**Student:** 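Questions regarding the structure given below will be posed in turn.
None of the values given here were measured: they were computed from a predicted structure. Throughout, a chain's letter reflects where its sequence line sits, starting with A, and its residues are numbered from 1.
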Number of protein chains: 2
Amino acid sequence: MSQTPIWKTIALALTADIAEGRFATGDRLPTEAQLAATHGVNRHTVRRALAELARQGLVHPRRGAGVFVSAAATDYPIGKRVRYHQNISASGKIPGKRVLSLITRAADKTEAEALNLAPGDPVHVYDGLSLADGQPIAVFQSVFPAARLPDLPEALAENGSVTRALRRCGVADYTRISTRLTARAADAVQARHLHLIEGAPVLHSVGINADPQGHPVEYGKTVFAGERVTLTLDDDHG
Amino acid sequence: MSQTPIWKTIALALTADIAEGRFATGDRLPTEAQLAATHGVNRHTVRRALAELARQGLVHPRRGAGVFVSAAATDYPIGKRVRYHQNISASGKIPGKRVLSLITRAADKTEAEALNLAPGDPVHVYDGLSLADGQPIAVFQSVFPAARLPDLPEALAENGSVTRALRRCGVADYTRISTRLTARAADAVQARHLHLIEGAPVLHSVGINADPQGHPVEYGKTVFAGERVTLTLDDDHG
DNA sequence: TGGCATTTGTACGTATGTATA
DNA sequence: TTATACATACGTACAAATGCC
């Protein structure tokens with residue numbers, strides 16, 4: 001006989017509570033002590049259950065504050081000429097971007113290689129957060145060649161849109177020339193931004209965009225909240 | 001002051017042990033009791049450290065047996081005309097496939113839709129395991145229209161290669177027409193096959209392959225061991 | 001086949017540290 | 001500053017899976 005562990009039973013109960021809307025996105029769950037009392041178990045058993053929910057990305061604990069319900073899933077189409085803003089609109093959610101930081105500094109070796117620069121050449125680095133319906137779905141970092149795009153930071157600062165900023169700087173169009181994808185565990189910073197816990201699955205995407213002449217104009221890394229996003233690759237380019 | 005937790009220190013030490021080859025892939029670590037003794041801490045503290053390593057995919061525990069070191073990373077290029085066998089060879093590892101099961105049954109709604117069939121039409125279902133250097137890197141399920149490919153199971157049983165089996169059944173070439181990618185947490189079965197723990201990040205890929213006339217010939221789901229595989233999308237199709 | 005030792009998993013208890021509001 | 005609430009770490013006991021004999 002393989003008995004179901006108590007913590008699993010509690011985890012399932014809490015999952016149902018969330019699924020059926022008794023706790024909404026952003027809500028705070030009862031404290032561990034309260035949950036332990038109501039289920040008649042030790043607090044550690046509740047912690048084990050909450051750890052499971054956190055691992056699944058359903059909740060994220062914040063020390064000293066409480067345990068909060070995370071966001072639900074989104075669909076995220078990606079194609080050769082698909083841009084972020086259009087993507088989210090297509091899935092019926094309201095998109096958004098938040099600038100986290102915007103600096104100009106020397107390129108490291110990897111960045112230089114990706115952008116066809118020499119290490120040490122100046123690059124603009126744009127760190128930001130992508131939102132859908134106000135919920136964070138991705139953190140990204142875009143690196144641009146500063147010599148070629150001197151006015152980019154001002155253009156980016158206005159509304160955060162990479163496409164629009166590039167257009168204003170004379171890059172009317174661009175195409176993805178390479179993408180690498182991996183599933184990884186979220187680190188502490190990513191987890192914080194994406195309302196996940198450390199260790200939740202995230203989708204790493206590292207890509208290079210180039211102008212029509214094939215010159216790289218952006219080296220971008222994006223970390224998607226794994227269970228909240230599906231990338232759709234349509235071979236719709238002819 | 002923010003002191004480093006003991007469990008984190010132990011986790012780092014064990015990570016170094018593995019990185020520097022003191023424990024090789026497939027090796028069993030000392031027991032929790034032994035580790036607790038050598039580090040002079042409670043067994044629970046060691047367990048917390050091991051849980052962290054397991055979460056990162058470095059080790060995987062087996063109740064009653066011990067804690068084992070998992071496999072290291074592989075690169076996995078994917079493109080329109082790239083096939084599995086070629087992929088792994090390109091990264092310098094010896095590829096392999098293991099048939100887990102091979103049955104013929106009625107198609108469910110999703111499978112029927114993907115393959116342009118009616119629900120209930122017969123399909124061949126091929127469950128298998130992909131290996132690199134003998135280490136599991138992916139579990140997959142491929143679904144084929146049985147009416148169109150009556151002799152496929154025999155062809156597949158011989159060496160497991162989908163491309164070769166399809167060729168023998170008259171499909172000389174095929175192309176990926178859609179792909180959906182998500183990062184998820186491994187379930188118990190996937191974890192067992194891939195030598196991961198439940199909850200480790202895995203990359204879900206769901207795709208449809210069609211013959212040159214555009215008729216679907218395969219509906220495939222693949223679950224990659226997230227931190228062991230990188231998908232590379234080269235836009236190398238002209 | 002069955003039994004036994006080993007090893008990980010679950011569950012309890014208690015105390016103290018640390019981040020947040 | 002204080003109270004709250006999650007995090008770490010100690011301890012103990014027993015359950016469950018594995019592997020060997």
**Student:** Should the heavy atoms of other residues, nucleotides or ligands under 6.0 Å from CD of A:Q56 be counted, would the total exceed 12?
**Tutor:** yes
**Student:** How about A:Y126 and A:F140: are their ring centres within less than 6.0 Å of each other?
**Tutor:** yes
**Student:** What is the nucleic acid contact for B:R28, judged by heavy atoms within less than 4.0 Å: base, sugar-phosphate only, or nothing?
**Tutor:** sugar-phosphate
**Student:** If I take atom CD in residue A:E198 and atom P in nucleotide D:dA7, what distance separates them, rounded to the nearest angstrom?
**Tutor:** 11 Å
**Student:** Where each residue is assigned the nucleotide of DNA chain C containing its nearest heavy atom, which of A:G40 and A:R43 is assigned the position nearer the 5′ end?
**Tutor:** A:G40
**Student:** On the nucleotide D:dA9, are OP1 or OP2 found under 4.0 Å from the side-chain N or O atoms that B:N42 carries?
**Tutor:** no
**Student:** Grab the NE2-C1' distance between A:H39 and C:dA11 for me, whole Å please.
**Tutor:** 16 Å
**Student:** Does D:dG19 have its OP1 or OP2 closer than 4.0 Å to a side-chain nitrogen or oxygen of B:R62?
**Tutor:** yes
**Student:** Between C:dT10, D:dT18, C:dT8, which nucleotide gets closest to the side-chain atoms of B:R192?
**Tutor:** D:dT18
**Student:** Using a strict cut-off of less than 4.0 Å between a Lys/Arg side-chain nitrogen and an Asp/Glu carboxylate oxygen, indicate whether B:R105 and B:E111 qualify as a salt bridge.
**Tutor:** yes
**Student:** I'd like to know if B:E52 pairs up with B:K8 as an ion pair, taking the criterion as any Lys NZ or Arg NE/NH1/NH2 lying under 4.0 Å from an Asp or Glu carboxylate oxygen.
**Tutor:** no
**Student:** Can you measure A:E52 atom CD to C:dT10 atom C1' for me and round it to whole angstrom units?
**Tutor:** 14 Å
**Student:** Could you please name the option among D:dG19, C:dT20, C:dT18 that lies closest to any side-chain atom of B:A65?
**Tutor:** D:dG19
**Student:** Between D:dA7 and A:R47, is there an OP1 or OP2 to side-chain N/O distance shorter than 4.0 Å?
**Tutor:** yes
**Student:** Checking all strands, does A:L50 fall into the base, sugar-phosphate, or nothing category for heavy-atom contacts under 4.0 angstrom?
**Tutor:** nothing
**Student:** For the residue pair B:R55 and A:A185, what are the closest heavy atoms and their distance?
**Tutor:** NH1-CB, 3.3 Å
**Student:** Output the single nucleotide from D:dC6, C:dA11, C:dT8 whose closest atom is nearest the side chain of B:E32.
**Tutor:** C:dT8
**Student:** Starting from P on D:dC14, measure out to CZ on B:R63 and report it in whole angstrom.
**Tutor:** 17 Å
**Student:** Take the protein atom CZ of A:R48 and the nucleotide atom C1' of D:dT8, then report the distance between them rounded to whole Å.
**Tutor:** 16 Å
**Student:** B:L35 has an atom CG; how far is it from atom P of D:dA9, in whole Å?
**Tutor:** 16 Å
**Student:** Using heavy atoms to find the nearest nucleotide of DNA chain D for B:I6 and B:H44 separately, return the residue whose nucleotide is more 5′.
**Tutor:** B:I6
**Student:** Whole Å only: how far is the NZ atom of A:K8 from the P atom of C:dG9?
**Tutor:** 12 Å
